[in-house]
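Step one of this worksheet: look at the structure below.
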Amino acid sequence: MTPVFKIGDKVDLIQKSSKAGGKISERQYASRIIDFDGVRTAKLSAPIQDGHLVPLAVGDDYDLIVYTNSGLYSCRGRVKKRYLEKKISVVDILIVSDFKKYQRREYFRLECNFRIMYRRIPDDERILREKLANDNFDTPLEKKECRDKLFAMEPVWDDATITDLSGGGLRFHSDVQFKEEEMIEVKIPLQLQVRFESLRFFSRVIASAENLKVAKSYDTRCEFMSMGAREREVIIKFVFEQQRKKMSGGDR
């Protein structure tokens with residue numbers, strides 16, 4: 001197989017079947033391509049949902065949506081194996097269909113300008129969440145103590161200015177520069193035509209660089225690490241409401 005992707009490309013995973021006959025998840029999980037065997041097996045970073053690793057079940061089928069330099073491509077994949085590699089959770093995916101060009105309306109990116117809130121996920125919190133996701137405990141008491149520690153943590157929120165938004169992620173300006181692959185949580189207030197929504201997502205930093213147009217400001221791009229069907233539709237609705245407003249001149 002000649003891959004259309006390269007190592008490091010972002011991948012969205014959407015569950016299509018369960019080998020065990022379980023409920024099909026409505027969530028869309030974010031991952032990245034770590035390696036490819038040149039035949040039909042891709043190694044991906046294990047997806048994270050709400051700060052927890054998602055244990056993809058061996059034998060389950062997923063649609064893979066791959067972000068490449070030449071656009072979006074999709075294929076069907078089957079979970080072969082999940083394991084730790086150098087203390088990093090990874091999953092092997094067997095590609096069972098050909099790649100095809102893919103387009104979805106939720107990836108339309110809206111330019112915008114309003115205030116959001118964010119918080120950086122400290123290492124101790126990230127470690128506790130990963131431990132819970134892997135269920136790495138010797139006793140029920142140890143698991144309870146881990147949950148109690150997470151509950152006792154007091155999150156520290158800061159504000160930023162969002163500059164574009166899509167169903168896959170966002171970009172914002174702040175006075176902080178982030179590390180690539182750093183995990184943050186964001187609160188996004190969205191005023192729809194008929195109601196107000198406040199959404200909250202864990203996100204992964206793709207890039208963060210100095211904004212040369214604004215002193216002591218940094219431009220940061222993030223991808224959503226997990227998103228339910230309802231939240232995704234709220235963002236899509238907001239994006240298209242705002243786009244229609246701009247086209248009609250309603251923002252003047």
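Given the structure is predicted, the values throughout are model-derived calculations rather than measurements.
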(request) First locate atom CD of Glu145, then atom OG1 of Thr139, and finally report the distance between them rounded to the nearest 0.5 Å. (result) 7.0 Å
(request) Report the distance from atom CG of Leu84 to atom OG of Ser89, rounding to the nearest 0.5 Å. (result) 4.5 Å
(message) Side-chain heavy atoms nearer than 4.5 Å, only ILVMFWY residues, links allowed to pass through others: does that put Phe240 and Ile188 together?
(response) yes
(request) Anything under 30° is parallel, anything over 60° is perpendicular, the rest tilted; go ahead and classify Phe238 against Phe114. (result) perpendicular
(request) Decide, yes or no, whether a salt bridge links Glu241 with Lys237 under the criterion of side-chain N to carboxylate O below 4.0 Å. (result) yes
(request) Kindly determine whether Lys10 and Val66 satisfy side chain to side chain contact (heavy atoms under 4.5 Å, CB included), including the steps that lead there. (result) CA-CA 6 Å; Lys10 176 191 169 185; Val66 186; over 6 Å; no
(message) Please say yes or no: joined through hydrophobic side-chain contacts below 4.5 Å, possibly via intermediate residues, are Met225 and Leu13 part of one cluster?
(response) no
(message) If I compare all heavy atoms of Lys187 with all of Ile116, which pair ends up nearest, and what's the gap?
(response) O-CB, 3.3 Å
(request) Flag the pair Asp92 / Tyr83 as yes when at least one side-chain heavy-atom distance between them is below 4.5 Å, and no otherwise. (result) yes
(message) With rounding to the nearest 0.5 angstrom, report the CZ to CD1 distance, Phe5 to Ile95.
(response) 4.5 Å
(message) Is there a side-chain contact between Val79 and Tyr62 in this structure, where contact means two heavy atoms from C-beta onward sitting under 4.5 Å apart?
(response) yes
(request) Kindly give the heavy-atom pair with the smallest separation between Arg120 and Ile184, and that separation in Å. (result) CA-CG2, 4.2 Å
(message) Strictly below 4.0 Å, N to O, side chains only: are Arg204 and Glu182 in salt-bridge contact?
(response) no
(request) Would you sort out whether Lys179 and Val205 count as a side chain to side chain contact (heavy atoms under 4.5 Å, CB included), showing the intermediate values? (result) CA-CA 7 Å; Lys179 296 178 181 178; Val205 173; over 6 Å; no
(request) Look at Arg171 together with Glu111 and state whether they make a salt bridge at an N to O cut-off of under 4.0 Å. (result) no
(request) Could you please spell out the steps behind the salt bridge (charged side-chain N to carboxylate O under 4.0 Å, His left out) verdict for Arg200 and Glu231? (result) CA-CA 9 Å; Arg200 189 165 168 171; Glu231 289 85 357; over 6 Å; no
(message) Please determine whether a side-chain nitrogen of the Lys or Arg among Glu125 and Lys149 lies less than 4.0 Å from a carboxylate oxygen of the Asp or Glu.
(response) no
(message) Tell me the closest heavy-atom pair linking Val234 and Arg195, and the distance in Å.
(response) CG2-NH2, 4.0 Å
(request) Nearest 0.5 Å please: distance from the NZ atom of Lys131 over to the CG atom of Leu53. (result) 14.0 Å
(message) Using 30° and 60° as the class boundaries, would you call the ring planes of Tyr118 and Phe178 parallel, tilted or perpendicular?
(response) perpendicular
(request) Without swapping roles, check the side chain of Asp37 against the backbone of Arg40 for a donor-acceptor pair under 3.5 Å. (result) yes
(message) Less than 4.0 angstrom from a charged side-chain N to a carboxylate O is my criterion; do Arg78 and Asp61 meet it?
(response) yes
(message) To the nearest 0.5 Å, what is the distance between CZ on Arg147 and CZ on Phe137?
(response) 7.5 Å
(request) For residues Arg126 and Asp123, determine if any side-chain heavy atom of one lies less than 4.5 Å from a side-chain heavy atom of the other. (result) yes
(request) Run the ring-centre check on Phe224 versus Phe201 and record whether the distance is less than 6.0 Å. (result) yes
(request) Indicate, with yes or no, if Ile206 and Ile7 share a hydrophobic cluster defined by side-chain heavy-atom contacts under 4.5 Å among Ile, Leu, Val, Met, Phe, Trp and Tyr. (result) no
(request) Evaluate the side-chain proximity of Ile48 to Met183: yes if any heavy-atom separation is below 4.5 Å, no if none is. (result) yes
(message) One pair to check against salt bridge (charged side-chain N to carboxylate O under 4.0 Å, His left out): Arg230 and Glu197. What are the steps and the verdict?
(response) CA-CA 11 Å; Arg230 179 189 174 279; Glu197 294 273 357; 2.6 Å; yes
(message) More than 12 heavy atoms of other residues, nucleotides or ligands under 6.0 Å from CZ of Phe151: yes or no?
(response) no
(request) Grab the two heavy atoms, one from Leu128 and one from Cys146, that are nearest each other, plus how far apart they are. (result) CD2-SG, 3.5 Å
(request) Test side chain to side chain donor-acceptor pair (under 3.5 Å) on Ser208 and Arg221 and set out the steps. (result) CA-CA 6 Å; Ser208 185; Arg221 291 189 296 116; over 6 Å; no
(message) Is there a path of hydrophobic side-chain contacts, each under 4.5 Å between heavy atoms of I/L/V/M/F/W/Y residues, joining Val58 to Ile93?
(response) yes
(message) Between Tyr67 and Glu223, is there a side-chain heavy-atom distance shorter than 4.5 Å?
(response) no
(message) I need the minimum non-hydrogen distance between Ile162 and Phe172, along with the two atoms involved.
(response) CA-CB, 3.8 Å
(message) Can you give me the closest heavy-atom contact between Ser18 and Asp60, atom names plus distance?
(response) CA-OD1, 3.3 Å
(request) State plainly whether the residues Asp159 and Arg115 are in salt-bridge range, i.e. N to O under 4.0 Å. (result) yes
(request) Please check if any side-chain donor atom of Arg32 sits under 3.5 Å from a side-chain acceptor atom of Ser45, or the reverse. (result) no
(request) Identify whether Leu94 and Phe36 are in the same connected component of the hydrophobic contact network (ILVMFWY, side-chain heavy atoms under 4.5 Å). (result) no
(message) Salt bridge or not between Glu142 and Lys144? Use side-chain N to carboxylate O under 4.0 Å.
(response) no
(request) Answer whether the closest heavy-atom distance between the side chains of Val11 and Ile65 falls below 4.5 Å. (result) no
(request) Under the side chain to side chain contact (heavy atoms under 4.5 Å, CB included) rule, what do Val176 and Asp158 come out as? Steps first, then yes or no, please. (result) CA-CA 10 Å; Val176 174; Asp158 291 295; 6.0 Å; no
(request) Please lay out, stage by stage, how Val90 and Ile34 fare under the test side chain to side chain contact (heavy atoms under 4.5 Å, CB included). (result) CA-CA 8 Å; Val90 298; Ile34 298 175; 3.6 Å; yes
(message) Looking at Tyr218, is its backbone amide N or carbonyl O close enough to the side chain of Glu210 to form a donor-acceptor pair, meaning the two atoms are under 3.5 Å apart?
(response) no
(request) Kindly compute the distance separating OG (Ser198) from CG (Leu190), expressed to the nearest 0.5 Å. (result) 8.0 Å
(message) Just so I know, are the side chains of Arg129 and Leu150 near enough to count as touching, which here means a heavy-atom distance under 4.5 Å?
(response) yes
(request) Taking the side chain as every heavy atom from C-beta outward, state whether Lys16 and Arg76 have any pair of such atoms under 4.5 Å apart. (result) yes
(request) Please check if the side chain of Asp9 supplies one atom and the backbone of Lys6 the other of a donor-acceptor pair under 3.5 Å. (result) yes
